[in-house]
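For reference, the structure is listed below as structure tokens.
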Amino acid sequence: METKEVILSLRNKAGLSQDELAEKVFVTRQAVSRWENGDTIPNTETLKLLSKLFDVSINTLLGSPRQMVCHCCGMSLDDSTTSKEIDGVFNEEYCKWCYNDGEFTLDFMKRYSEIGGEEKLEEFKNRLIDEFNSLNVDGMPKVDDLNVLSGSFINLEYTLPNGEKVKFLDDNATYFGNQLACLFGGERCFGIAANMDFLLVCTYEENGENPELVIYKKR
């Protein structure tokens, strides 16, 4: 839907007249009429007010022109999964599990905000990239970037030579990681993960099936 249709639908669903909506977001009835006729769209500050009033993201108000993903864990976002600030305003960069009420909920981001913030986090990420590339794993392409990932998304279960099944990550922790296509082709790909203490390299098939541990190295 276009913005004009979204606003009209939300207003009707809320049982508000154009005058009542205008009063709530501090504009004139004529302004609301122009939005719903498609002549104009609300400015940024008014979009924020409409977003909070109707409990939808600004992206939704604009007709969902972009596919939103969490900048932390990478999951797709919609109005039910997008995070909010402490005042109830949507933060469309993160999901509600990674960021809530103005704070990151995952340990990795918290730890680095305490010791130097985003600049230090970026420095550490670049060191990890260099360390992964220095492993020279056969078939693994050069690592160019790492994402912040929740352990619950990447904590695969590996079968050891003795038949024991183990997991090496913590579902409630956060890691730098990525998925890489194998240089040799085929159905398997590489998964990498790291934190302050270790580097992990594994391979797996689609959807994390049949994972095999390649390297687990203490830093």
Table please: side-chain donor-acceptor pairs of residues 21-34 below 3.5 Å, with sequence neighbours left out.
residue: Thr28; atom: OG1; partner: Ala31; partner atom: N; Å: 3.1
residue: Arg29; atom: NH1; partner: Gln18; partner atom: OE1; Å: 3.2
residue: Ser33; atom: OG; partner: Asn37; partner atom: ND2; Å: 3.4

Quick note, salt bridge (charged side-chain N to carboxylate O under 4.0 Å, His left out) partners involving residues 132-155, not counting sequence neighbours, are Lys125-Asp145
Item to check | Expected output: side-chain Asp79 to main-chain Val56 donor-acceptor under 3.5 Å | outcome: no
Any donor-acceptor N/O pair, Asn59 side chain to Arg66 backbone, under 3.5 Å:
yes
Donor-acceptor check, side chain of Asn207 to backbone of Glu209, threshold 3.5 angstrom: yes or no?
no
Exercise. Using 4.0 Å as the upper bound for N to carboxylate O, is an ion pair formed by Glu205 and Arg188?
Worked result: yes
In short, Cys189 meets Ala181 closest at the heavy-atom pair CB-CA, 4.3 Å
TODO: Taking the side chain as every heavy atom from C-beta outward, state whether Met68 and Ser57 have any pair of such atoms under 4.5 Å apart.
DONE: yes
| Cut-off 3.5 Å, side chains only: do Ser83 and Lys96 have a donor facing an acceptor? | no
Is a donor from one side chain sitting under 3.5 angstrom from an acceptor on the other, for Tyr204 and Gln179?
yes
Any ion pair linking Glu131 and Lys217 (charged N to carboxylate O, less than 4.0 Å)?
no
Tightest non-hydrogen contact, residues Tyr158 and Pro211, listed as CE2-CB, 3.7 Å
Between Met196 and Arg219, the two heavy atoms sitting closest are O-NH1, 2.9 Å
Here the ring-ring contact (aromatic ring centres under 6.0 Å, His included) pairs for residues 1-25, sequence neighbours left out, are none
Item checked: SB check Lys48 Asp87 (cutoff 4.0 Å) -> no
Sequence neighbours excluded, the answer for side-chain contact (heavy atoms from CB on, under 4.5 Å) partners of Lys218 is Tyr216
Closest non-hydrogen contact found for Phe176 with Leu146 is CD2-CB, 3.8 Å
Contacts of Asn43 meeting side-chain contact (heavy atoms from CB on, under 4.5 Å) (sequence neighbours excluded), chain-then-number -> Glu45, Thr46
Hits for salt bridge (Lys or Arg N to Asp or Glu O under 4.0 Å) against Asp19, two or more places apart or cross-chain, chain-then-number order -> none
Heavy-atom closest pair (Glu92 atom, Ile58 atom, distance to 0.1 Å) is OE2-N, 2.7 Å
All heavy atoms of Lys84 vs all of Phe90, minimum pair found to be CE-CZ, 3.7 Å
One should read off an interatomic distance between Leu128 CG and Phe198 CZ, to the nearest 0.5 angstrom, of 10.0 Å
